[in-house]
Amino acid sequence: MISKDSYIYIAGHRGMVGSAVWRALQNEGYTNLIGKTSAELDLRNQKAVNDFIVNEKPDIIIDAAAKVGGILANNDFPYQFLMENMQIQNNLIQAAHENNIEKFIFLGSSCIYPKLAPQPLKEEYLLTAPLEPTNEWYAIAKISGVKLCQAIRSQFGKDFVSLMPTNLYGPFDNFDLKSSHVLPAMLRKFHEAKENNNAAVTLWGSGKPMREFLHVDDMAQAVLFAVNNVLPDYLYNVGTGTDITINELATTIQNSVGHTGEIVWDKTKPDGTPRKLMNSDKLNKLGWKATYSLEDGINKTYSWFIENQNNIKKINLK
Ligand SMILES: NC(=O)c1ccc[n+]([C@@H]2O[C@H](COP(=O)([O-])OP(=O)(O)OC[C@H]3O[C@@H](n4cnc5c(N)ncnc54)[C@H](OP(=O)(O)O)[C@@H]3O)[C@@H](O)[C@H]2O)c1
């Protein structure tokens, strides 16, 4: 039985998602939490992971640890993205299974779904068509994690469940312009343009693609929901259910930051997929729903950025 005294191990507790999950659990009264940095416990090391789980015997494991990166990194390091992600999750899942851990929550991402699947993406589209080639290494690793948890669930009747979040943003995001996602990159660009009195901000592409964004604290509430309840199925999407154009995103961020100049779209740069929206009805029907409006989420993230910008370099170099 899960209670407020349950011992919970959050793998990747210093990351954007893991740290949000830690905050959410603490706020809910779960105080028996444990996390280890990658320097303290390298999750690619099977023996180290198994020894740790045998010694600590947590009641719940939340796997928010992964080697993450953009298209460039995936393209340049396909072996590491496939191998290290499989190692991290296999070691955790096997140790959890063999040591009878009560609950295991595996986090993946929307890239597990086929490139040309109908939108909004439903859980049942998994493995129905080819993946997006640029991140298939990462996606294959994540799909194997989903399948391992599904196999353990169906063969042994254990509470192993996978949550697939849409694009996330919030505190402890990566604001490094060379490797960041679109939302934190825009936030930083508008902030720097305001600080330097630059009238125009140039952004990549046409501004027309549509994307969905979820505040990481809403994601953490979905994890909390999976901690508090035994979910009846093996795979759940976690998103807001609505998407906006990249142009609308830019305007929202520009207003939040207080930059008043022009936005220039560099149409020589690629747009990527025209639309990516998840269908999160399955988790919504059970009772979890996103609560942040995009405006509130961006305002809160910008305040965090202002308060923490001196540490952000350090955070991004972790
Ligand atoms: N960010 C998004 O927009 C997004 C969207 C959808 C899904 N997700 C999913 O959410 C999960 C977490 O993502 P995130 O954005 O929070 O990533 P993140 O900020 O980069 O954090 C990843 C964490 O994984 C840990 N880690 C990596 N390799 C490790 C190793 N070998 N041993 C031990 N720990 C290791 C890191 O630990 P140290 O800090 O100690 O090195 C770090 O805390 C991933 O599964 C990702 O697919 C993220």
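Numbering of ligands and ligand atoms starts at 1, following listing order.
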Atoms of ligand 1 under 4.0 Å from any heavy atom of Ile88, numbered from 1 in the order shown, are 28 (N), 29 (C), 31 (N)
Applying side chain to side chain donor-acceptor pair (under 3.5 Å), name anything that partners Asp159, two or more places apart in sequence or on another chain.
Lys103
For Lys47, is there an ion pair with Asp51 - N to carboxylate O distance below 4.0 angstrom?
yes
Within the 4.0 Å heavy-atom shell around Ala65, which atoms of ligand 1 are there?
24 (O), 25 (C)
Short list, please: which atoms of ligand 1 are under 4.0 Å from a heavy atom of Lys142?
44 (C), 45 (O), 47 (O)
Between Lys282 and Asp233, is there a side-chain N and carboxylate O pair less than 4.0 Å apart?
yes
Taking the six-membered ring for Trp, is the centroid-to-centroid distance between His181 and Tyr169 below 6.0 Å?
no
What donor-acceptor contacts under 3.5 angstrom involve side-chain atoms of residues 193-203, with partners at least two apart or in another chain?
unit_1, atom_1, unit_2, atom_2, d
Lys194, NZ, Val257, O, 2.8
Asn196, ND2, Glu192, O, 3.0

Residue Leu107 vicinity, atoms of ligand 1 by number, heavy atom under 4.0 Å:
45 (O)
If the cut-off is 4.0 Å to any non-hydrogen atom of Ala66, which atoms of ligand 1 fall inside it?
22 (C), 24 (O), 27 (C), 44 (C), 45 (O)
Where does Phe213 meet ligand 1, judged by heavy-atom distances below 4.0 Å: at the side chain, the backbone, both, or neither?
neither
Taking non-hydrogen atoms only, is Asp42 closer than 4.0 angstrom to ligand 1 via side chain, backbone, both or neither?
both
Numbering as shown, the atoms of ligand 1 that approach Thr37 to under 4.0 Å (heavy-atom distance):
40 (O)
Logged contact type for Leu41 with ligand 1, heavy-atom cut-off 4.0 Å, is backbone
Minimum heavy-atom separation for Val238 and Ala222, please, with both atom names.
CG1-CB, 3.6 Å
Report, in ascending order of atom number, the atoms of ligand 1 lying under 4.0 Å from any heavy atom of Leu43.
30 (C), 31 (N), 32 (N), 33 (C), 34 (N)
Using a 4.0 Å cutoff against the non-hydrogen atoms of Val17, which atoms of ligand 1 qualify?
10 (O), 12 (C), 13 (O), 14 (P), 16 (O)
Is Tyr169 near ligand 1, meaning one of its heavy atoms is under 4.0 Å from it?
no
Do Arg23 and Asp217 sit within salt-bridge range, that is, some charged N less than 4.0 Å from a carboxylate O?
yes
Tell me the contacting part of Asp173 for ligand 1: side chain, backbone, both, or neither, using a 4.0 Å heavy-atom threshold, strictly below.
neither
Is there a polar contact between ligand 1 and Ser38, counting only N or O atoms under 3.5 Å apart?
yes
